[in-house]
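Below is one structure; the comments refer to it alone.
Numbering of residues begins at 1 and proceeds along the displayed sequence. No hydrogens, no waters, no symmetry mates; every other heavy atom, side chains included, goes into these values. Every number for a ligand or one of its atoms is a count from 1 in the order of the listing.
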Amino acid sequence: MGELMNCPRCDALFVSGVRSICQDCYKEEERAYTTVYNYLRPRKNRQATIPEIVEATGVDEEIIYKFIKEKRLRPSQFPNLTYPCDRCGTMISDGNLCNNCLTEMQADLDEQRKLDEIARRNQQNVQEANTYYTVEKKQ
Ligand SMILES: [Zn+2]
Ligand SMILES: [Zn+2]
């Protein structure tokens, strides 16, 4: 079952279980969620950005990011709810990385795969290495 640990938010000792934060912080987060949600609900506030929400509700932006990552606040409903990419800090509304970082990481992976492939081929028999093809250039 649960074991005693320090709450990552307020450092209080609590018994960990379903929640990763203590009861007090949990209650506080729920209150923050209700505050933020009530603020966003009217049509005129749906386009609000995080700084505007922080300003209007006094809720910490980290907590709002958490709600978005947990999909409790959906960018499909509130289009300007964005949070920073884990890698470069660009504002995003889905996943943990922005498109650029995703592309870059994919490119790194592809590069690594190519190098692996070359190393693998080099180890293949020498006969194959002696065969090469020339491509006729169109003038
Ligand atoms: Zn706590
Ligand atoms: Zn990024």
Side-chain angles (χ1 to χ4, degrees):
M1 276 296 289
E3 51 187 285
L4 214 56
M5 62 179 276
N6 286 97
C7 169
R9 286 197 53 210
C10 70
D11 227 29
L13 275 179
F14 78 110
V15 179
S16 74
V18 226
R19 286 169 204 134
S20 55
I21 51 175
C22 76
Q23 186 67 20
D24 284 350
C25 288
Y26 174 76
K27 274 193 205 146
E28 203 180 302
E29 271 192 12
E30 289 313 290
R31 213 177 302 134
Y33 177 76
T34 312
T35 307
V36 170
Y37 192 76
N38 284 341
Y39 169 74
L40 283 171
R41 216 163 34 178
R43 183 169 290 276
K44 68 178 170 66
N45 288 340
R46 297 228 170 132
Q47 309 282 325
T49 59
I50 305 271
E52 283 168 357
I53 301 169
V54 172
E55 170 103 31
T57 63
V59 173
D60 202 56
E61 59 182 5
E62 292 299 327
I63 299 179
I64 304 174
Y65 294 157
K66 189 174 170 204
F67 293 147
I68 305 169
K69 286 187 181 174
E70 287 173 348
K71 309 235 183 270
R72 297 181 71 184
L73 295 172
R74 293 171 182 275
S76 56
Q77 232 178 325
F78 311 111
N80 290 323
L81 293 189
T82 52
Y83 51 88
C85 162
D86 278 356
R87 197 162 166 260
C88 72
T90 299
M91 298 311 272
I92 53 173
S93 59
D94 193 29
N96 291 320
L97 295 173
C98 71
N99 281 337
N100 266 345
C101 288
L102 278 178
T103 312
E104 270 176 36
M105 287 181 78
Q106 189 58 47
D108 285 353
L109 276 182
D110 287 350
E111 187 63 25
Q112 191 53 48
R113 216 172 285 142
K114 262 182 227 158
L115 291 175
D116 288 350
E117 176 71 6
I118 290 168
R120 194 178 64 82
R121 280 201 205 158
N122 285 343
Q123 282 168 3
Q124 275 181 356
N125 68 50
V126 192
Q127 269 184 339
E128 223 177 290
N130 287 334
T131 316
Y132 57 90
Y133 301 93
T134 50
V135 182
E136 275 181 65
K137 277 186 187 161
K138 278 181 194 159
Q139 292 296 335

(message) What I want to find out is whether Lys71 reaches Asp94 closely enough, with some N-O distance under 4.0 Å, to be called a salt bridge.
(response) yes

(request) Take Arg113 and Asp116, measure what salt bridge (charged side-chain N to carboxylate O under 4.0 Å, His left out) needs, and give me the verdict at the end. (result) CA-CA 5 Å; Arg113 216 172 285 142; Asp116 288 350; over 6 Å; no

(message) With a 6.0 Å cut-off (strictly less than), is the heavy-atom count around CE of Met105, excluding the residue itself, greater than 12?
(response) no

(request) Mind listing the closest non-hydrogen atom pair of Ala48 and Tyr39 along with its distance? (result) CB-CE2, 3.9 Å

(request) Quick one: pull up CE in Met91 and CD1 in Ile50 and give me the separation to the nearest 0.5 Å. (result) 6.5 Å

(message) I'd like to verify the contacts: list protein N, O or S atoms under a distance of 2.8 Å from the Zn ion (ligand 1).
(response) Cys7 SG, Cys10 SG, Cys22 SG, Cys25 SG

(message) Go through it in stages, so that I can follow the logic: the residues are Arg9 and Glu62, the test is salt bridge (charged side-chain N to carboxylate O under 4.0 Å, His left out), and I'd like the CA-CA distance, side-chain angles, deciding distance and then a yes or no.
(response) CA-CA 11 Å; Arg9 286 197 53 210; Glu62 292 299 327; over 6 Å; no

(request) Angle at the Zn ion (ligand 2): provide the value between SG of Cys88 and SG of Cys101, rounding to 10 degrees. (result) 110°

